[in-house]
Each structure stands twice: as structure tokens, then as C-alpha cells.
> 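Just dropping this structure here.
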Amino acid sequence: MATTRRRCLLSIALVTAMAGCVTAQAPVARPPAAGSAKQQLPDAPGKETFQKICGSCHSAQIVLGRGMTREQWSELVSGMISRGAKGTQSQFAEVVDYLATNLPPKEGAAPAAGKALGGFTMGPDDKQIVDSAAAARGKALYSAQCVTCHGPLARGSDNGPDLVRSVTVLHDRYGSTIGPFLHQGHPAPGGTAGTSLTDEQIKDLSHFLHQQVDDTLRSGPYSKVLNVLTGDPKAGEAYFMGAGGCNACHSPTGDLAGVAAKYDPPTLQQRFLFPRTGGFNRGNATPPKPVTVTVTVAGGPAVSGVLDQIDDFNVSLRDASGEYRSWKRTPAVKVEKNDPYAAHAELLDKYTDKDIHDMVAYLETLK
Amino acid sequence: MRLLRTFLGFSLAATAVFGQFLNPAKLQQPATDTWPTYNGDYSGRRFSTLSKINSSNIDSLSLAWVYRIGAGAGTLGGAIKSTPLLVGGILYFTIPDHVWAVDARTGREVWQYEWKSKGGIHLGNRGVGIYEGWLYFETPDCHLVSLNLKDGKERWSKQVCDMDQYYYASVAPIVIKNHVLVGVSGDDLDIPGYLESRDPETGDLQWRWYTVPQKKGDPGSETWPNVDAMKHGGGMTWVPSTYDPELNLIYVGTGNPQPVIAGKARNGSDLFTESIVALDADTGKMVWYFQCSPHDTHDWDAVQTPVLFDGEIDGKPRKLLAQASRNGKFFVLDRTNGKNIVSSEFVKTNWAKGVDSRGQPIPNPAKEPQIDGALVSPNQGGAVNWPPPSFSPQTGLFYVNATRAFSEYYIFDTGDKPEGWGGNDRGGWGESMLQALDYKTGKICWSHKWEGSGIRSGVLSTAGNLVFAGDPSNNLVALNAKTGEPLWHANLGEAVSNGPMTYELDGAQYLVVGAGDTLYGFAMLSK
């Protein structure tokens, strides 16, 4: 089955379900579909998981042609989880591994500039690819001639318009619209219209301005958590030992000893808030504990194991010996679910934001 | 002329004349052998008067056909998020850049059309609009395309937005008289949202309504700090509108303000983002508004279907509008004037301090995104996202497939003028449930909690005392509309990804639902 499935998946490039595979066997004569002439997903471990987890919403186009660091891919996948992506922690980690290994930052290009983030930031196919060396030259020009009126990030000031929001800039490709604009009528610092910039200089300036646009997009360098260490460690300790009830399961000298050396503060925060999904694939993150389930058919023995799937109609598990079992749910079938992180979920309705910040400050002391 | 002809409607006797064409009179009738517009009819109720499939015989529902779009389609991917339209026995549906016509009786492909894309976000497409013998859909690269219904041949295309500004298009056009309503998507850079009306014959612009003021003195401009902020204030129109023919009003839900998360440079309530707005269908002029999330900083578009129905409030008949909004709140308004009747919530939330004198929520500033994080519920995905809800006049209940989720919202850009997003949320925990709300009180009449969380399925209710919805475990589930008891299910191997729809042909009632890249046709084939 696994072999059939793999072949099937490879043949159609982006498929997400077993059910779908069954009908995929017969070749269908049809004009090539969108993107078929473009790049394909790299064949590498994790591809199938990527397709399963991400493919129910996204086509492969979403990631093809991009390159990002592991941290950026991880942030992206984390963002997707909060948008409703479904999978286990190990599946998400596999997706990050697959993307980070096979789609690393591109040589010579600014990492993921303007192209990335879960397919939410595509823009036109012919968008300008920023050359970072040219952008650096453009920045020097900008700092000398433009910054006074247009501001350090090109977002405008009282004396000049916002260039990131400028349609002239957004329509520009390598100086195609800002060149004529600057030559024709732009008031220069001295008050005269026009510009003495050469075509090469305008191209450099264009790269700099497009870099500012790309940086503003969700994949830009501003997209990271800054400082979460604003709480009071003493108050955090009191919460841990008291109102939070954390010490019922955890100990600063036991399971949490050295936890701050393992995770950075934003990851610490995510991990105690959302232990099942928070901070996956960071540091040496331990895999989350599975939900277990005990199923008892009236008159029969109780069967326990790791929950595989449960809905209103059926339940399945894998027992300690690795055997898969499933039952139809009826009044005669008793199902007891045990989520080891249930206490964390209950706290979500109780925490104040101060509690959370104090807790991060406290956990950060556990080096 | 055409306007007059369409508005007067056609007699039923004329149906045969239409063949594969859409008889405009169908738009004013309960959808039975036709599903002529995104929500089945203009009201947005997604309630079917059909009852051959009902709570007593649902066990006999059988699979009639399967149509899979993925086969041979290369890197096509993506899920069917569109609700198929049914005209002349043929279903019309989309994914980005692609339209299919398939036989509603057999699932056999009639034609397929592919648009050669020049880019844009390929996240989803909600479907097509139909006017007489013409089909309309929007593309990620900002085009409105008209096809010949008969063979899928392209008739014309018109650019409706600017990809360079990071607009894209995903909404299903809604055809009202001789107006094709076109919405836009995109919130990566700070750009204004708008709704357009275009001529169904030529594609030419008839009117455009900006969701945010474009100059000082325009209505709503007093709720922005300056012209630059308002002109770039967002408010996309990416879910189909509803329409009351008697009042001649279009009801539009508008999207999030921009910059999305870091709202420092747009202090004020940021009208008319995250609002329900009534527009005159012929002029596009605003008649009233109600803001669901003043000065939102959580990406909680209020685009969810404004559902129209007539009901009774305090013993008096009223023309109503109800929305279960992405921010977790449930609103019932008088649709003649926008006056609030009910403000409640359909899942527990933690971001509002109460409601103002107009019934609009008052956001708690402490729950705006913070540099060190703020724990907020719902999360960015929302208590509900775009998937359509349903209202059954038979039970008087409003059904919404809801999620109660938490995440931590952060500010990333601490500058004076953040742009784009300037922050985001991270992580999450959630639980999902189908909620049935009493429109008179906004209280939950019954709630069916799903195992697991994360759902993106719409809801359909029928006169057969049934509600259809997807659960988080890939099941299509039919529940008793009065009690919420699950009665029937089919595991489709992938989550239900659109709003289920139903119709009757040759005496058999069909139920059609999309799950991932596959469209399933169920039917009560026995009598």
C-alpha cells in the first residue's frame, strides 16, 4: 500500500488523500495544468508529509522558487498552525526539515525577499528580484539624496511621500518607472526639477526601494518576536508554585532543570502556553506526549493505547505492542481520552497576560 | 433594456427556452433544480426547501458519483473551496485559474477551462457567477474572466485590480440584475479595498465603492488619523455579498484594516473596515453600516456571509440580517436600517469590554498585540473564517461551524509607522463545534462539539430537518437540525473544503460536497 501510495503521489505532484489516489491511476489526456512546466517539488524525505499537511490548502507553487532559512520556515509553519493547519508535532517538524533542507536561502539573493510566507505573499510572477549588492549601492544614494524627505525606511515624512506605498515604485521594474519619473519632474533637494542620476544609479535606487517593499511584507526581516522578557521572575515563581498549579506536574529542579538553556524566551513562552504545537523543531525540542485512550467494550477487557483518530462514529488506537485497533462507537463502547496537556489548555482561560510574562521571566532563570 | 427584462423576470413556462442558460427568475426562487448563485439564493441562508433526503431516511443516502480534479493535473493542488453553481443540469465550480463544468447527474466532465496565470496568491477561489449564457470568475492575477457557459470558451477578460500592489482576486462574482459584483483580496501591503459592479455584457465598470475613505470629508474619514492612513486602510471584499431585491440593497462584509496587526498609525475605529455595509445595488452608494470590530488589530475580517431572513422580534415581523463574525461575535441587525437587535457571541472570547450604544463591540486595548505577546481568543484564523453558515427558517436556528482557539499576538515592528502587518500571532490551541443559535436572543440553542479541532467547512440546512457540515476528522456529517444529534456520516479522506449544496433532478435529491481535490455527489436514488 505504501508503495502504491508513494508512486501515486509522485505522479500527480500534489495530492493529499488516500481516497483521491484510487482514482488517480488512469492517465487522463488533458492540456498541461498550471505550473506543470515549472519546477516540481524536490524528491526528498518529508515530501509526502509536506503534501499531506500543506496540500489541502496550498498548491506546490506556494513554496517553489523560494528559499528561506530554517528559522524562517519554522516561523512560517508556526504561523500556519495558528491559521488552522492540522498535523502532529512530528509532522510539522518534518515539514520544516523538508523545506529547510530542500529550499534553503538562494545564493546571492536576499533571503526570501518578498516571495515567501505561506503563499500569502506572491505578487506578480515578473516582480523585481532584488540584487542585494545593487540595493546596498542604492541605499548609499538614498541616504545621500532622498532620506531627508522620504524617511529612513522610505515610508515618507512631512516633507515627502511614502515610497513603499507608492504606485510608481510598485509598478517599477529595475528603474522602468522611477527613472522617467525622476528625470521628468521630481523636485531635487536644491529645488530644481529633474535629476542628474545615471541610469545605473536609478537601477540601484530601484533595487533599494524594492528591498524596502519586500522587507515590509510578512516574510521580511521585521517578522520576528522581539522581547518577551518583561515579567517579574519572583511573581512567576509564585504563580508556578501557587495559582498556576504548575508544580503539580513540573519541578524547576526536575523536568524543567536547565530548560532556559534549551529554548530561547519566545520558544519558552510558546511551549508552556501551547505544549502540543508551540516551538516545534527548535533547539532539542522533545516530542510532545501523545493523547492516550482506553476503550472498553461492555463485558470485555479495557484496551489502552495511543489515540490514532477519534470522531463521533469511530475510534482507533495503537497499543503498546504497536497493534492498530479500531471500534465503532456505540453505547456499549466506553471511550476514555487522556490528554496529558489538558491542564495547559484549562489555564488558557485563567492566565492574565501578566501571569504569562511573569512565567516566562521565571522559566528563563532555569538555566 | 436587459436590466428591465431581467428584473421583470420570466414565467416558468419559459424555462425550456433557456436550456443551458440561467433563467433570471430562478434567482428569486428557492433553489431546487438550480443553484444559480454562490449561496443558492440571494439571502445567503443556504437553506434548501428539498426534503427527499431527510432525518428519517438519511441512512439510505448513497454515493452517486465522484469527480476528481487532481488527476493528471500536475502541480495543480489546492482544495475545492467553491460552491458549485447548478444551471441546466450542469455544475460549475473552480479552484484558482481553473473552471470545470460537470454533469450534475453523473459527475462527467463537460468542459474544463484554464487561465494562464501571471501570478498572485493561489490560496483559494470561491466560485463562479452566471448571467444568462455567460459565466464569470476571478483570478489570482486580478482578472474578471467571462466564459461561454456552453463550452467554456473565453469571451473576454478585464483587469479588476493591480497585482503590483499585492491585490489578488478569489471571490465568486454575484450577479444582480445587470450588475456583476466583483470583490478584491490582498492584505500584504497597505491598499484600499473596494467592491465593483461591472456590466455583464462588456465587463465595463459601472460603479466602484471603496471600503475606506479616499479623501478628507468622505464618510468615515473622521475615524482615521490622516489621509495617508485611510487611503491605505485595507478592507477587502473577498466573500460574496447578499442581496434583498425588495429593498434593492446589497449587503457586504468588509475585511481587516491595514496595517493588519500593528495599528499604531491608524488610531480610530477605521471605518468601514470589518463592517457590514448596505449599498444601493444600482449606484453603489452606502445606505448604512454596522462595524463588527472597531479598530481591529487581529486580522478578523468581518466578511462572513450577512444572512438575510424575515423573523419576529418582540412579537413584530422584522426584516433581519445575521452574521457570525470571525471575531466570535454574533450580530442580528434590522436590514432596512442597520440597527442592532442582538449582539452576543457564538464562542467564548476574551478581547472585548462590552458593546457600545450601537451594539458594536468595544475592543480591550490590553488585548491588542503586544511586543511581549497578548493571549487572545479567537486566534487569527478566527472563530469562523470564510466558510458559509446556514439559517433554517424551519427551526429558526442559525448554524455555524465554529472554532474556539487561543494564540499569542505579537508586535514585530515598533516604529512610528508600521506597514504591512507589523506583527503576527503564534502558536495555538483550539476546539471546534457546530453551533445552533437562536436569532431572537443570540443564545446557543444546541452545540455539537467535534472531536479534534480545525474546520474549514461550510454548512447547509434543509427542510428535511437536516444540517450538513464537515468535522475535523474528514467526515461529512448530517445532524438533526432541531437537536444536533449526528445521524449520518461519510469519511471522505480529506476535510470538507467548501459549503455543501443540494438540488433535485429527475425526482432524485442530490447532495454535493467538495473535499480536497474531489467533488462528491451523494443522492437519494431510491424513492
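Each chain gets a letter, A, B and so on, in the order the sequences are listed, and its residues count up from 1.
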> Examine the side chains of A:Asp162 and B:His232 and answer whether a donor and an acceptor come within less than 3.5 Å of each other.
no
> Would you please test B:His448 and A:Asp312 for side-chain contact (heavy atoms from CB on, under 4.5 Å) and show each step?
CA-CA 10 Å; B:His448 182 75; A:Asp312 286 320; 2.6 Å; yes
> Using the side-chain contact (heavy atoms from CB on, under 4.5 Å) rule, take A:His171 and B:Asp162 through it: C-alpha gap first, then chi angles, then the decisive distance, then the call.
CA-CA 9 Å; A:His171 283 171; B:Asp162 180 4; 2.5 Å; yes
> So, for A:Leu226 and B:Ile371, which heavy atoms are closest and what is the spacing to 0.1 Å?
CB-CG2, 4.0 Å
> Heavy-atom distance under 4.5 Å to chain A: side chain of B:Tyr410, backbone, both or neither?
side chain
> Based on non-hydrogen pairs under 4.5 Å, which of A:Gln269, A:Gln309, A:His344 is most in contact with chain B?
A:Gln269
> Contact part of B:Pro140 toward chain A, heavy-atom cut-off under 4.5 Å: side chain, backbone, both or neither?
neither
> Measuring heavy-atom distances to chain B, does A:Ile310 have an atom under 4.5 Å in its side chain, in its backbone, in both, or in neither?
both
> How long is the gap from CG on A:Leu273 to CD on B:Glu408, to the nearest 0.5 Å?
5.5 Å
> Between B:Asn475 and chain A, which part of the residue has a heavy atom less than 4.5 Å away: side chain, backbone, both or neither?
side chain
> Could you tell me which portion of B:Val260 (side chain, backbone, both or neither) has an atom closer than 4.5 angstrom to a non-hydrogen atom of chain A?
neither
> Determine, stepwise, if the pair B:Asp190 / A:Arg155 fulfils salt bridge (Lys or Arg N to Asp or Glu O under 4.0 Å).
CA-CA 12 Å; B:Asp190 306 322; A:Arg155 292 181 183 179; over 6 Å; no
> Compare all side-chain heavy atoms of B:Leu189 with those of A:Leu170 and state whether any distance is below 4.5 angstrom.
yes
> Non-hydrogen atoms of chain A under 4.5 Å away: do they reach the side chain of B:Trp429, the backbone, both or neither?
both
> Tell me which of these, B:Gly186, B:Pro472, B:Gly423, has more heavy-atom pairs under 4.5 Å with chain A than the rest.
B:Pro472
> Assess whether a salt bridge exists between A:Arg165 and B:Asp228, defined as any Lys/Arg side-chain N lying under 4.0 Å from an Asp/Glu carboxylate O.
yes
> Can you tell which of B:Ser473, B:Ala405, B:Gly420 has the highest number of heavy-atom pairs within less than 4.5 Å of chain A?
B:Ser473
> Give, as side chain, backbone, both or neither, the part of B:Ala374 having an atom under 4.5 angstrom from any heavy atom of chain A.
both
> With the side chain counted from C-beta on, respond yes when A:Arg329 and B:Glu451 share a heavy-atom pair under 4.5 Å apart, and no when they do not.
yes
> Only pairs of heavy atoms separated by less than 4.5 Å count here; which of B:Phe406, B:Phe412, B:Trp450, B:Tyr167 has the most with chain A?
B:Phe412
> Does any backbone or side-chain atom of A:Val225 lie under 4.5 Å from a heavy atom of chain B? Answer side chain, backbone, both or neither.
both
> Take atom NZ in B:Lys231; do more than 12 heavy atoms of anything else shown fall under 6.0 Å from it?
no
> Would you mind telling me which of B:Asp372, B:Ile191, B:Thr403 has the largest number of heavy-atom pairs within less than 4.5 Å of chain A?
B:Asp372
> Heavy-atom pairs under 4.5 Å with chain A - which of B:Val477, B:Asn350, B:Leu375 has more of them than the others?
B:Leu375
> Are there residues of residues 348-357 of chain A that reach to under 4.5 Å of chain B by heavy atoms, and which ones?
A:Leu348, A:Asp349, A:Tyr351, A:Asp353, A:Ile356, A:His357
> Is any side-chain heavy atom of B:Gln165 closer than 4.5 Å to one of A:Val167?
yes
> How many angstroms lie between atom NZ of A:Lys127 and atom OH of B:Tyr166, to the nearest 0.5 angstrom?
3.0 Å
> Say you draw a straight line from CG of A:Asp125 to OG of B:Ser117; how long is it, rounded to the nearest 0.5 Å?
5.5 Å
> Below 4.5 Å from any heavy atom of chain A, which atoms of B:Ala366 appear? Answer side chain, backbone, both or neither.
backbone
> Of the backbone (N, CA, C, O) and the side chain (C-beta and beyond), which part of B:Lys367 lies under 4.5 Å from a heavy atom of chain A, both, or neither?
side chain
> Can you tell me how far apart CZ (B:Arg426) and OG1 (A:Thr267) are? Round to the nearest 0.5 Å.
10.5 Å
> Return the OG to CD1 distance between A:Ser223 and B:Ile261, rounded to the nearest 0.5 Å.
10.5 Å
> Name the member of A:Val213, A:Val360, A:Thr230 that forms the most heavy-atom pairs with chain B at distances under 4.5 Å.
A:Thr230
> In Å and rounded to the nearest 0.5 Å, what is the OG1 to CG distance from A:Thr216 to B:Asp413?
8.0 Å
> With a 4.5 angstrom heavy-atom cut-off, which part of B:Ile411 approaches chain A: side chain, backbone, both or neither?
backbone
> Any chance the side chains of B:His489 and A:Asp311 put a donor and an acceptor closer than 3.5 Å?
no
> State whether the number of non-hydrogen atoms from other residues, nucleotides or ligands found under 6.0 Å of B:Lys449 atom NZ is greater than 12.
yes
